[in-house]
Every structure is written in structure tokens, then in C-alpha cells.
Amino acid sequence: MKVVTRFAPSPTGFLHVGGARTALFNLLYARHCGGSFHLRIEDTDPLRSKAASIDAILAGLNWLNILWNGDIIFQSKRYNRHIEVAYDLLKRGAAYYCYCTMQELEEMRVAAKNAGRPIGYDGRWRDRDPREAPQGVRPTIRLRVQREGETILDDLVQGRVTVMNKQLDDMILLRADATPTYMLSVVVDDHDMGVTHVIRGDDHLMNAFRQAQIYQAMGWERPLFAHIPLIHGPDGTKLSKRHGVLGVETYRKMGFLPEAVCNYLTRLGWSHGDMEIFTTEQAVTWFDVRDVGRSAARFDIAKLTAINAHYLRRKDDSHLMRLALPHIESLIGMSVERVGRCRLEAAMPSLKLRARTISELAKAALFYVQPRPIPLDEKACQQLASVGRAILTILAEHLAGSVRVWEAQSLEDEIRQLAIEQNLTLGALARPLRAALTGAVVSPPIFEVAQILGREESLARLYDVLA
RNA sequence: GUCCCCAUCGUCUAGAGGCUCAGGACUCCGCUCUUUCAAGGCGGCAACACGGGUUCAAAUCCCGUUGGGGACGCCA
């Protein structure tokens with residue numbers, strides 16, 4: 001059997017991490033099985049669906065390199081097919097017209113809640129004669145749910161789950177305005193697309209039982225289900241805007257790498273022994289949706305950051321340059337000229353070793369491209385007060401008079417020698433030098449910095465401070 | 001309220017009856033390296049929610065309790 005999976009977001013917002021992980025698991029499983037993975041946009045609610053959301057979702061998936069097979073399926077374009085099935089169900093006696101008004105249903109819910117009964121439609125039009133229909137009320141079509149017995153679902157992740165059918169109510173298939181509901185559309189589309197494995201968030205677990213009834217009524221074979229646990233916020237509740245997590249693309253802006261995000265998300269709720277760092281290709285060979293854990297995982301930005309640092313260090317310098325440049329330019333508010341770019345490229349190996357995100361890297365790289373005189377932070381100013389300033393004077397004079405090649409190792413040799421002559425430690429000389437050259441008290445190795453800045457720029461920065 | 005699910009270090013997890021007085025990763029804390037900061041190396045703190053069973057033996061199986069989460073829309 002060829003495995004077919006799908007990711008079916010509704011275009012009501014951005015692609016959040018939970019959705020991204022669901023998509024990832026669908027992709028991983030399909031590819032693991034040599035099957036196909038599809039994308040379907042669930043835009044059956046015209047009131048909530050937005051074109052901008054579709055763009056955001058596609059952008060997010062593309063960024064993460066979660067690529068689907070074939071064309072995108074828009075549920076809204078399958079409208080006629082959904083309606084056809086609704087009427088088919090009606091004809092089979094598996095569905096019926098319901099003339100309840102919204103207000104009536106609301107009252108029903110309140111009454112049920114107060115009486116301690118399950119909140120849901122009480123089936124009042126289930127067997128009622130349609131001739132009793134009130135005037136002027138456009139009916140909905142509801143499924144005539146099998147109320148006896150129980151439904152068993154052998155979920156690939158949750159295991160065997162049993163629900164009494166009397167817990168299910170007759171859900172609406174077609175709204176009063178004749179548009180299909182999600183509950184109908186998913187089933188029809190999954191069936192027509194030949195979806196074999198429905199992998200989705202476990203907030204849909206109960207829906208599987210309702211949907212099972214539609215499959216049954218239509219005489220269709222039901223796909224296998226895998227309800228994966230939701231991702232929770234640090235406080236243990238379902239991830240929401242309240243947690244400040246936005247679209248997956250926000251993580252791009254925050255300086256995360258897509259491969260790091262994918263690695264982290266895949267590792268959330270799933271593992272392959274002690275493996276922490278792996279490529280998507282490796283995950284494809286190891287992944288089985290049956291191995292996904294049943295308990296919810298909390299989103300931990302610290303671990304994501306650590307994984308990101310790992311990938312950042314291994315990223316090639318020119319690629320990193322392309323990613324970091326926009327961050328840097330927005331920080332200094334101007335474009336980086338050729339000289340600056342050369343410096344950044346030369347500095348990249350030690351810059352990336354000290355950053356965990358592109359943003360951190362950009363911030364740390366700033367001093368390389370800022371125009372003179374570069375700003376000094378508070379600690380650097382302290383460093384360049386009385387004694388530091390005196391040392392800097394000696395350094396400047398010495399370096400300006402030196403004829404040795406301006407290269408990290410020879411600069412270090414020279415300054416070590418100077419330290420001995422002056423009866424000072426290397427640190428005593430290096431600290432003021434660092435402050436003047438970088439404007440800060442922490443930086444990449446200072447002789448490397450001096451080499452990259454070049455003789456002229458370095459001396460100029462020293463004299464800027466002395467002036 | 002009704003139904004469903006879950007439960008190993010702070011977090012992500014390994015563990016599918018004996019190999020485990022529970023392993024890895026992140027975080028945190030030491031030490032080391034060192035011109036600063038990182039990285040690297042070494043080390044440390046830290047968990048089987050609780051109570052009953054079953055068994056020669058339970059983190060692993062069963063029941064209950066507690067705690068947490070999710071679903072109950074003419075949303076998806």
C-alpha cells in the first residue's frame with residue numbers, strides 16, 4: 001500500500017510551530033514509507049479564511065524546506081463535491097434536515113450544561129416530520145449518527161481509544177447557507193485524495209470518532225489515524241498567542257536557521273535513542289509515527305537556541321554572510337560597503353563560534369563595519385580611563401613606529417615583547433587595545449581583530465580614543 | 001458539567017520485567033584552556049507524582065488517587 005499523508009492547515013493565521021511540526025511529521029512519515037505528502041488548504045469558512053494567511057503558511061513551509069508533492073489542494077474549490085456527498089448522505093437516510101436556529105442551539109447548550117448533560121445537539125429534528133418545519137428557517141443538514149454501541153479507534157500514537165457513540169451528536173454537514181463544514185470536507189477530501197494516514201494534532205482526537213461515522217455512512221474505508229500531542233508553552237498549556245509565539249517566520253527574523261528549527265521540532269515528542277542532532281534525511285530513515293510519544297512537550301527556546309548554535313558554527317561563511325548582512329545593515333542603518341564586507345567575511349569563522357543566532361552574530365560583528373569613531377560602551381570607557389589611556393598611548397606609538405607585518409601572530413609576538421619590556425602582563429596591554437578597537441570588553445581574539453581591521457584602520461581607532 | 005488523553009531530572013527525552021541505587025541533551029554551577037568572550041575538555045546538582053496490587057523481580061503490567069492537558073461551534 002502506498003502511503004499518502006497530508007498537512008491541512010486552515011488559513012486563519014500564520015504557520016505556528018505546532019503546525020510546522022505536524023507538517024514535518026507527515027512529510028517524514030510519507031518519505032520514510034516511500035509515499036507522498038500533500039498540502040491542502042482548509043478554507044471552507046469564507047469568513048475566516050484570508051489570502052495573506054495562505055501566503056504566510058506557504059512562506060513558512062518553504063523556509064523550513066517542508067516541500068509537498070503535487071499541487072496545493074484548495075478545499076473551497078471542492079465545494080460542489082462536498083455538497084454532492086451531503087445530499088448523497090441525505091438520500092441514503094444517513095442525514096436529515098435540521099431547522100433549529102442559532103439561538104435555539106445556544107439555549108440547548110446552556111440547558112445541557114446546567115443539567116450536567118453532554119453539551120451538544122439533542123437531535124430534535126432527527127426523526128421529526130419536515131412538514132413541521134417553521135416558516136422562513138433555512139435548514140442545515142445533519143448527519144444521523146449511529147447512537148448505539150461504541151466506536152473503537154486504533155490510533156497509531158494514542159493506542160486503542162474507545163468512545164461510546166451516545167457521546168457523539170448529530171453534527172452539521174451543510175450549513176444553512178449550503179456551504180459544507182470542516183467535518184464533511186475533511187472526510188470527503190481525505191477519501192478522494194486517497195489519504196492513508198491522517199497525522200494531526202490530538203486536539204482532533206474526538207473528531208476522528210465523528211468522522212468515522214461519515215466514513216461508515218458512505219461505506220468508505222477509513223484511513224489510519226495518528227493523533228500527535230500538542231506543543232505546549234513553557235507554562236504547560238496549549239501554545240497560543242498569549243505565549244508570544246508567532247509564526248514560524250518570526251524565528252527566521254530572530255536569527256534562527258531553518259535546519260535547526262526542523263531538528264528541534266522533530267526531536268520534540270520523538271527521539272531516536274540519544275540522537276540530538278540529525279539531518280532531515282536521517283530523520284526520514286529513522287522516523288515512524290508509531291514512535292511519537294503520547295504526552296505533550298513544552299516549547300523550550302533555550303534548547304532551540306543551543307541547537308541553532310550548533311548549526312550556526314557549521315554553516316559555511318559565505319552563506320552566513322548572506323544571512324547576517326541584512327541584520328547588520330538594519331542595526332547600523334546603512335548598507336555595508338565592500339571594505340566592510342571583506343572584513344566580515346574574514347571575521348566570520350570566529351564570529352560564528354561566538355554566536356548562537358544570526359542576530360547575536362550581527363550584533364557582535366557591528367564594530368567591524370561601524371564608521372569611525374566607533375562608539376565605546378560603558379565598560380570600554382572605564383577600561384580606557386587613566387591607566388588604560390596611558391597604556392594605549394604607548395601601544396599606539398609603538399605600533400605606529402613598527403615596521404613588522406600587520407598580521408595577527410606577529411602583532412601578538414610584538415605586543416608580548418612589549419609587555420615584557422614594560423614589565424606588564426599581556427592582558428594589561430590587550431584590554432585597552434580591545435576597548436579601543438572594538439568599543440567593548442569582549443570580542444573575538446584581539447590580534448585577529450587588528451589584522452582584519454588593517455593597520456590604517458586600527459591605528460586610526462587608537463588615535464580616535466586618544467584624541 | 002460531560003467525554004477523551006497524559007504522567008522519568010527545571011525542560012526535551014532513553015528506558016518496551018531483571019543489563020539501571022535510572023542514561024543522554026538543554027539549562028545552571030565548578031575546574032581546565034586563555035589577552036576578553038566563546039568553543040573544546042573534565043566534573044557536579046537534578047527525576048521514575050502518590051497509594052495499592054501482580055511477580056522471585058516493576059520506572060516498566062493492572063487498579064485507584066492526585067495533578068496536568070485536550071475536546072465538546074451553522075470554527076477548523
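Throughout, protein chains are lettered first and strands after them, A, B, ... in sequence-line order, and every chain is numbered starting at 1.
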#### Entry: Y121(A) six-ring centre to R142(A) NZ/CZ under 6.0 Å and within 45° of normal
yes
Mind checking if I307(A) touches a base, just sugar-phosphate, or nothing, with heavy atoms under 4.0 Å?
nothing
Using Watson-Crick geometry (N1-N3 plus N6-O4 or O6-N4) or G-U wobble (N1-O2, O6-N3), each under 3.5 Å, A49(B) is paired with U65(B)
Is the base of U35(B) touched by the side chain of R434(A) through a donor-acceptor pair closer than 3.5 angstrom? yes
Point to revise | Any N/O donor-acceptor pair, R354(A) side-chain to C37(B) base, under 3.5 Å | key: yes
Winner on side-chain proximity to M183(A), out of A76(B), C74(B), C12(B), is A76(B)
F287(A) and Y29(A) aromatic ring geometry - parallel, tilted or perpendicular at 30°/60° bounds: perpendicular
**OP:** Give one of base, sugar-phosphate or nothing for T44(A), where a contact means two heavy atoms less than 4.0 Å apart.
**Re:** sugar-phosphate
query = Rounding to the closest angstrom, what is the interatomic distance between C12(B) and G70(B) at atom P?
reply = 15 Å
* Asked: Hey, is the side chain of R175(A) poking within less than 4.0 Å of OP1 or OP2 on A76(B), counting only N and O atoms?
  -> yes
Side-chain contact check for L353(A): nearest option of C5(B), A38(B), G70(B) is A38(B)
Sorted by chain and residue number, the side-chain hydrogen bond (donor to acceptor under 3.5 Å, both in side chains) partners of R175(A) (sequence neighbours excluded) come out as T179(A)
- Message: By the 4.0 Å heavy-atom rule, please label C98(A) as base, sugar-phosphate, or nothing.
- Response: nothing
H398(A) meets the side-chain contact (heavy atoms from CB on, under 4.5 Å) criterion, sequence neighbours left out, with E414(A), L418(A)
**Report entry** Distance-only donor-acceptor test, D274(A) side-chain atoms vs G23(B) base atoms, 3.5 Å
**Finding:** yes
Would you check if there is a donor-acceptor pair between the side chains of S76(A) and D43(A) at a distance under 3.5 Å? yes
- Message: So, OP1 or OP2 of A76(B): does either fall under 4.0 Å of a side-chain N or O from S185(A)?
- Response: no
ask   = Using atom C1' of each nucleotide, how far apart are C33(B) and G24(B) to the nearest Å?
value = 25 Å
When we call it a touch if two heavy atoms are under 4.0 Å apart, what does T425(A) touch: a base, just sugar-phosphate, or nothing? nothing
R81(A) meets the salt bridge (Lys or Arg N to Asp or Glu O under 4.0 Å) criterion, sequence neighbours left out, with E84(A), D192(A)
Practice item. Check every strand shown and say whether R48(A) touches a base, only sugar-phosphate, or nothing at a heavy-atom separation below 4.0 Å. Key: base
Closest to the side chain of Q75(A), out of U35(B), A76(B), U2(B), is A76(B)
To the nearest angstrom, the CD1-P distance between I446(A) and U35(B) comes to 13 Å
note: L184(A), atom CG; C74(B), atom P; distance rounded to Å ~ 14 Å
* Ignoring hydrogens and angles, does a donor from either the side chain of N207(A) or the base of A76(B) sit under 3.5 Å from an acceptor on the other? -> yes
Sugar-phosphate only, base, or nothing, as touched by F447(A) at under 4.0 Å among non-hydrogen atoms:
base
So the ring-ring contact (aromatic ring centres under 6.0 Å, His included) pairs with at least one residue in residues 149-180 of chain A (sequence neighbours excluded) are none
At 4.0 Å (heavy atoms only), tell me whether H227(A) reaches a base, stays on the sugar-phosphate, or touches nothing. nothing
Regarding the side chain of R298(A), the nearest nucleotide among G70(B), U11(B), A76(B) is U11(B)
Rounded to whole Å, the NE2-C1' distance (H232(A) to A7(B)) equals 13 Å
note: I214(A), atom CD1; A76(B), atom C1'; distance rounded to Å ~ 14 Å
Open item on the list: Does A39(B) have its OP1 or OP2 closer than 4.0 Å to a side-chain nitrogen or oxygen of K352(A)?
Closed with: no
* To do: Could you check whether L205(A) gets within reach of a base, just the sugar-phosphate, or nothing at all, counting any heavy atom under 4.0 Å?
  => sugar-phosphate
E360(A) CD to C37(B) C1', in whole Å, measures 12 Å
Q: Would you classify A176(A) as touching base, sugar-phosphate or nothing, given that sugar-phosphate means primed atoms plus P, OP1 and OP2, and contacts are heavy atoms under 4.0 Å?
A: base
| request: Would you indicate what P229(A) reaches in the nucleic acid, counting non-hydrogen atoms under 4.0 angstrom: base, sugar-phosphate, or nothing? | output: nothing
Q | Donor-acceptor side-chain pairing of R124(A) and Y99(A) below 3.5 angstrom | A | no
R21(A) atom CZ is separated from C12(B) atom P, nearest whole Å, by 11 Å
Report task. Look at all strands and tell whether E276(A) reaches a base, only sugar-phosphate, or nothing, counting heavy atoms closer than 4.0 Å. Result -> base
From CZ of R40(A) across to P of A76(B) the rounded distance in Å is 12 Å
Closest of C26(B), U2(B), C37(B) to the K303(A) side chain is C26(B)
Applied to residues 150-169 of chain A, the salt bridge (Lys or Arg N to Asp or Glu O under 4.0 Å) test, sequence neighbours excluded, yields D154(A)-R160(A), D169(A)-R210(A)
In numerical order, the residues of residues 262-272 of chain A whose heavy atoms come under 4.0 Å of RNA chain B are R267(A), L268(A), G269(A), S271(A)
For the side chain of R294(A) and the base of C5(B), is some donor closer than 3.5 Å to an acceptor across the two?
no
(request) Respond yes when some side-chain nitrogen or oxygen of R416(A) is under 4.0 Å from OP1 or OP2 of U35(B), and no when none is. (result) yes
Next item on the list: Show your working on ring pair (Phe, Tyr, Trp, His ring centres under 6.0 Å) between Y251(A) and H16(A) and close with a plain yes or no.
Entry: CA-CA 10 Å; Y251(A) 292 93; H16(A) 54 90; over 10 Å; no
In Q211(A), R6(A), H197(A), R222(A), the residue satisfying side-chain hydrogen bond (donor to acceptor under 3.5 Å, both in side chains) with D190(A) is R6(A)
Testing U11(B), U35(B), C4(B) for proximity to the side chain of L426(A), the answer is U35(B)
**Prompt:** What interatomic distance, in whole Å, is found between C1' of A49(B) and the corresponding atom of C26(B)?
**Reply:** 23 Å
ask   = So what does P444(A) touch, heavy atoms closer than 4.0 Å: a base, only the sugar-phosphate, or nothing?
value = base
From CG of D203(A) across to C1' of C75(B) the rounded distance in Å is 12 Å
